[in-house]
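Sequence lines set the chain letters: A, B, ... in the order given, protein chains first and strands last, and positions in each chain run from 1. Values in this document were obtained by computation on a predicted structure and should not be read as measured data.
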Protein chains: 2
Amino acid sequence: MPLSLRKNHSPEPPEPCALTQCFSFLAGQWAPNVIWHLRAGPRRFGELRHDIPPISAKVLTTRLRELQERGIVERHERATSPPSVEYSLTELGAELLPALEAIVSVGERLKARGARSA
Amino acid sequence: MPLSLRKNHSPEPPEPCALTQCFSFLAGQWAPNVIWHLRAGPRRFGELRHDIPPISAKVLTTRLRELQERGIVERHERATSPPSVEYSLTELGAELLPALEAIVSVGERLKARGARSA
DNA sequence: CGGTATCCTGTGGGATACTG
DNA sequence: CAGTATCCCACAGGATACCG
């Protein structure tokens, strides 16, 4: 049976590629971590910087700006001295959490079962 | 209240960073797509190449080799002419599917609600 | 504290050509 | 068909320095 006649599995990811679409919300290896560390509530820039292993200020800023533009996180600035800025998930952003939780839980399981990760 | 005294949210991702660990299984933007297109059963190299939007042979090979080493996919070669090679998910690899499904479904929802993705 | 500006690098990934 | 071999590049991300 020629290859060309083989039915295309993947009855069709509802869109050209829903997966890719979806991963675009998590673009850059740090975005998921940012979202993750905001899951319990608002958090300040410096806190995020320390929460998330070794992320540079530059990259953190960049990711936060992106996530803002995509409506995933919100920025709240308070005019104090020294300055204080809090970031939090929007309602939209919160919707990503179940997916991240799924990823975490499967990651744990795989690790427990001895899968190599790098 | 000084920043340093603020309780660390994220009661602790069970490990240093389970999320990161977990994402490492999906490293490279294509890996998830490979896994995804194997979800319905074994698939040949050329089929994957055509299933997955515009992935180059080189990259597909690379990702497949990696996923093999991590015990996520299996390679089955048949000594025919022309050669035929099928790839499939291992039991371990199949465990990633629920997470991918979660990602897809949330991606759909976000798109429907007008979130920008890039 | 919460960033920006600059510079630099690694590497994921594309294009093209070739092979068993 | 199922790759390998080369070459090449964009760009995510790190380091360092500086600013309001």
Side-chain angles (χ1 to χ4, degrees), chain A residues 1-6 17 20 23-35 37-38 42-70 73-88 117-118, chain B residues 1-6 17 20 23-35 37-38 42-70 73-88 117-118:
Chain A
M1 179 182 189
L3 187 49
S4 52
L5 292 184
R6 257 192 152 211
C17 201
T20 302
F23 264 96
S24 70
F25 291 109
L26 307 176
Q29 51 177 293
W30 296 115
N33 279 290
V34 172
I35 298 169
H37 285 278
L38 288 175
R43 204 125 180 90
R44 295 173 56 181
F45 187 86
E47 292 178 312
L48 286 173
R49 205 154 150 35
H50 282 76
D51 287 346
I52 304 176
I55 193 175
S56 65
K58 181 184 113 181
V59 173
L60 181 53
T61 305
T62 310
R63 292 277 138 312
L64 284 171
R65 294 281 177 276
E66 278 182 19
L67 293 171
Q68 242 180 284
E69 276 167 24
R70 293 174 192 174
V73 310
E74 273 173 347
R75 199 183 110 111
H76 301 284
E77 192 168 354
R78 277 179 304 188
T80 59
S81 177
S84 169
V85 181
E86 280 199 345
Y87 292 90
S88 57
S117 48
Chain B
M1 177 182 191
L3 185 50
S4 52
L5 292 184
R6 258 193 151 210
C17 201
T20 303
F23 264 97
S24 70
F25 290 109
L26 308 176
Q29 50 177 292
W30 295 114
N33 279 289
V34 172
I35 298 170
H37 282 93
L38 287 175
R43 204 124 180 91
R44 296 173 56 181
F45 186 87
E47 292 177 313
L48 285 174
R49 204 152 151 38
H50 283 76
D51 286 347
I52 304 176
I55 193 175
S56 66
K58 181 184 111 180
V59 173
L60 181 52
T61 305
T62 310
R63 295 273 92 65
L64 284 170
R65 294 280 178 274
E66 277 181 21
L67 293 171
Q68 240 181 287
E69 276 167 26
R70 291 174 194 174
V73 310
E74 273 173 346
R75 197 183 110 113
H76 300 285
E77 192 170 354
R78 276 178 306 188
T80 58
S81 177
S84 167
V85 182
E86 279 200 346
Y87 293 90
S88 56
S117 48

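- Across all their heavy atoms, B:P83 and B:R44 have their closest contact at O-NH2, 4.0 Å.
- In plain terms, the two heavy atoms of B:R49 and B:I55 that are nearest each other are NH1-O, 2.6 Å.
- For B:R65, the side chain to side chain contact (heavy atoms under 4.5 Å, CB included) criterion is met by B:T61, B:Q68, B:R75, B:Y87, not counting sequence neighbours.
- One interatomic measurement links the two molecules: NE2 of B:H50 to P of D:dA2, which rounds to 11 Å at whole-angstrom precision.
- The separation between B:W30 atom CH2 and C:dT11 atom C1' is 16 Å, rounded to whole Å.
- Listed by chain and number, the residues in a side chain to side chain donor-acceptor pair (under 3.5 Å) with B:E69 amount to none (sequence neighbours excluded).
- The side chain of B:R49 places no N or O atom within less than 4.0 Å of a non-bridging phosphate oxygen (OP1 or OP2) of D:dA2.
- Smallest separation of non-hydrogen atoms from A:A57 and A:F45: O-CZ, 4.0 Å.
- Contact annotation: A:R75 reaches the phosphate of C:dG3 (side-chain N/O to OP1 or OP2, under 4.0 Å).
- Atom CZ of B:R43 and atom NE2 of B:H37 lie 8.0 Å apart (nearest 0.5 Å).
- Closest non-hydrogen pair, A:R63 versus A:A31, comes out as CD-N, 3.7 Å.
- B:L38 and B:V73 make their closest contact through CD1-CG1, 3.9 Å (heavy atoms, listed as atom of the first residue, atom of the second, distance).
- Picking from D:dG13, C:dG2, C:dG13 the nucleotide with the shortest atom distance to the side chain of B:R63 gives C:dG13.
- For A:V85, the side-chain atoms get nearest to C:dG2 when compared with the rest of C:dG14, D:dA2, C:dG2.
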Dump every N/O contact between nucleotides 4-9 of chain D and the protein below 3.5 Å, one line per pair.
unit_1, atom_1, unit_2, atom_2, d
D:dT4, OP1, B:R65, NH2, 3.3
D:dC7, N4, B:K58, NZ, 3.4

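- Between the C1' atom of D:dA2 and the CD1 atom of B:I52 lies a distance of 15 Å, rounded to the nearest Å.
- Whole-Å rounding puts the B:E77 CD to D:dC1 C1' distance at 11 Å.
- Atom P of nucleotide C:dG2 and atom CD of A:E86 are separated by 9 Å, given to the nearest angstrom.
- The CG atom of B:N33 sits 15 Å away from the C1' atom of C:dG12 (whole-angstrom rounding).
- Summary for the helix from C:dC1-D:dG20 to C:dG20-D:dC1: the axes at its two ends, each from 5 pairs, differ by 50° when rounded to the nearest 10 degrees.
- When rounded to the nearest whole Å, the span between CD of A:E47 and C1' of C:dC1 equals 12 Å.
- One atom, CG of B:L64, and another, P of D:dG3, lie 8 Å apart when rounded to the nearest Å.
- For A:Y87 and C:dG3, the shortest distance from a side-chain N or O to OP1 or OP2 is below 4.0 Å.
- A:N33 places none of its side-chain heavy atoms less than 4.5 Å from the side chain of A:L48.
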